[in-house]
Amino acid sequence: MGTTLTIDYPNGLKNILTAMTYYSKPALIAIAGCSCSGKSFLAKALNEASPATILPLDNFFRDIDDPALPRDKNNRHLFEAPESYWKDQYLAAAVALLTGKTVILPTYDLATNKRLPTTGQTVSPNTTIVAEGLYAITFLSALSAPVLKVFLDTDLEICLNRRIARDVPRWNITAEKVREIFFAKVLPYYQMFIAKQKSLADIVIKE
């Protein structure tokens, strides 16, 4: 699109749909942002506005016992780093959808931090493919196909509060533990890697 358009959240969906009219079909949208910035929510909203195939990056996590899964200085596993994902598999799935092929997404079990051996969700190609995840912009920029790059510049306090609301009941942990994880693991990688995608985006949505 040439220049970055920065808009508020209520107008984000409308502007994305308008921008898509300039892209040949099938069109690919990459949505990136901090953990709990609203990536999945926006992807679902786009699908409701105009039927699309959603390609979530979180399905492509590495297993917890994968030697390539990064660790911090205290030997704790990191799931916020770019190397935490099977990037090549994610790109291959995007290319397959763009070329009209059906894709079977891997199923990643958050309780065990491992990919399940069972067959995952089957997704079919569509006129619009919405790829969402922490590094969707960075990863999909490697493709030769045009990509509409959307970055969710959500206030980090909002992201933290959403993560508390999600993780306290999900993992039966305290809000303080969620805050500890957020500031020790989530925030540093957001600042080092994820936030840099903002400068690559065609559309930045602020909340």
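Counting only distance, with no hydrogens or angles, the side chain of K185 and the backbone of H77 share a donor-acceptor pair below 3.5 Å. Proximity of a side-chain donor or acceptor of D167 to a complementary backbone N or O of R170 within less than 3.5 Å is not detected. R62 places a side-chain N or O within donor-acceptor distance of the main-chain N or O of E83, the cut-off being under 3.5 Å. Looking only at distances, no side-chain donor or acceptor of E80 sits under 3.5 Å from a matching main-chain atom of Y189. A donor-acceptor pair is defined here as one N or O able to donate and one able to accept, closer than 3.5 Å; no such pair exists between the side chain of T138 and the backbone of Y135. T128 contributes no side-chain N or O that, together with a main-chain N or O of A52, makes up a donor-acceptor pair within less than 3.5 Å. Distance alone, capped at 3.5 Å, is enough to place a donor-acceptor pair between the D202 side chain and the K149 backbone. With hydrogens and angles disregarded, a donor-acceptor distance shorter than 3.5 Å links the side chain of N161 to the backbone of E157.
Within the model, atoms CD of E207 and OG1 of T154 stand 5.0 Å from one another, a figure rounded to the nearest 0.5 Å. Here the CG atom belonging to D155 is positioned 10.0 Å from the SG atom belonging to C34, to the nearest 0.5 angstrom. For the atom pair S84 OG and I64 CD1, the distance stands at 11.0 Å (nearest 0.5 Å). With rounding to the nearest 0.5 Å, the separation of OG1 in T107 from CG in L116 is 6.0 Å.
The only option from V130, N47, V150 that meets the side-chain contact (heavy atoms from CB on, under 4.5 Å) definition with L42 turns out to be V150.
Using a 4.0 Å cut-off between charged nitrogen and carboxylate oxygen, K206 and D153 count as a salt-bridge pair. At a threshold of 4.0 Å, the pair E180-R76 does not count as salt-bridged, since none of the basic side-chain nitrogens sits closer than that to a carboxylate oxygen.
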task = For side-chain contact (heavy atoms from CB on, under 4.5 Å), just list the numbers for V204 and L5, CA-CA rounded to whole Å, side-chain angles, deciding distance to a tenth of an Å, and then say yes or no.
result = CA-CA 6 Å; V204 174; L5 174 65; over 6 Å; no
inquiry  = Set out, in order, the CA-CA distance, both residues' side-chain angles and the distance that settles side chain to side chain donor-acceptor pair (under 3.5 Å) for R163 and S35, then state yes or no.
reply    = CA-CA 8 Å; R163 189 156 173 134; S35 172; 2.7 Å; yes
query = When you look at S40 and E132, which way does the side chain to side chain donor-acceptor pair (under 3.5 Å) test go after all the steps?
reply = CA-CA 7 Å; S40 299; E132 60 90 4; 3.1 Å; yes
task = Tell me, with the steps shown, if T112 and D109 meet side chain to side chain donor-acceptor pair (under 3.5 Å).
result = CA-CA 6 Å; T112 60; D109 180 25; 2.9 Å; yes
task = Could you give me the CA-CA distance, side-chain angles and deciding distance for I16 and I205, then say whether side-chain contact (heavy atoms from CB on, under 4.5 Å) is met?
result = CA-CA 10 Å; I16 292 171; I205 300 176; 4.0 Å; yes
request  = Apply side-chain contact (heavy atoms from CB on, under 4.5 Å) to L78 and L69, showing your working.
outcome  = CA-CA 7 Å; L78 293 170; L69 184 67; over 6 Å; no
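The shortest side-chain heavy-atom distance between I7 and I203 falls under the 4.5 Å cut-off. Residues D65 and K114 form a side-chain contact, since some pair of their non-hydrogen atoms from C-beta on lies under 4.5 Å apart. A 4.5 Å side-chain heavy-atom check between D63 and Y108 finds at least one atom pair inside the cut-off. Between I31 and L152, some side-chain heavy-atom pair lies under the 4.5 Å cut-off. For the pair S141/V147, no side-chain contact is recorded, criterion being any heavy-atom separation below 4.5 Å from C-beta on. The shortest side-chain heavy-atom distance between F182 and I164 does not fall under the 4.5 Å cut-off. Between W86 and R115, some side-chain heavy-atom pair lies under the 4.5 Å cut-off. Counting heavy atoms from C-beta outward, L98 and I129 have side chains that approach closer than 4.5 Å.
L97 and I29 fall into different hydrophobic clusters, where Ile, Leu, Val, Met, Phe, Trp and Tyr residues are linked whenever their side-chain heavy atoms come under 4.5 Å apart, directly or through other members. Note on I194: it does not cluster hydrophobically with F41, by side-chain heavy-atom contacts below 4.5 Å among ILVMFWY residues. No single ILVMFWY cluster, assembled from side-chain heavy atoms under 4.5 Å apart, contains both I181 and Y190. Cluster membership check: L200 shares its hydrophobic cluster with F151, using side-chain heavy-atom separations under 4.5 Å among Ile, Leu, Val, Met, Phe, Trp and Tyr. In terms of hydrophobic clustering, with Ile, Leu, Val, Met, Phe, Trp and Tyr side chains grouped at heavy-atom distances under 4.5 Å, Y22 and L46 are assigned to a common cluster.
When all heavy atoms of I54 and A43 are compared, the pair lying nearest together is CD1-O, 3.7 Å. When all heavy atoms of P82 and F139 are compared, the closest pair comes out as O-CZ, 3.5 Å. Minimum interatomic distance between L17 and A49 (heavy atoms only, all atoms of both residues): CD1-CB, 3.8 Å. Among all heavy-atom pairs drawn from C36 and K39, the shortest one is N-NZ, 4.1 Å. Looking at every heavy atom in both residues, L134 comes nearest to G33 through CD2-O, 3.3 Å. The shortest non-hydrogen separation linking A131 to L28 is CB-CD1, 4.4 Å.
Close placement of the Y90 and F60 rings is indicated, their centers lying within 6.0 Å of each other. Taking the centre of each ring, F79 and F61 come in below the 6.0 Å mark.
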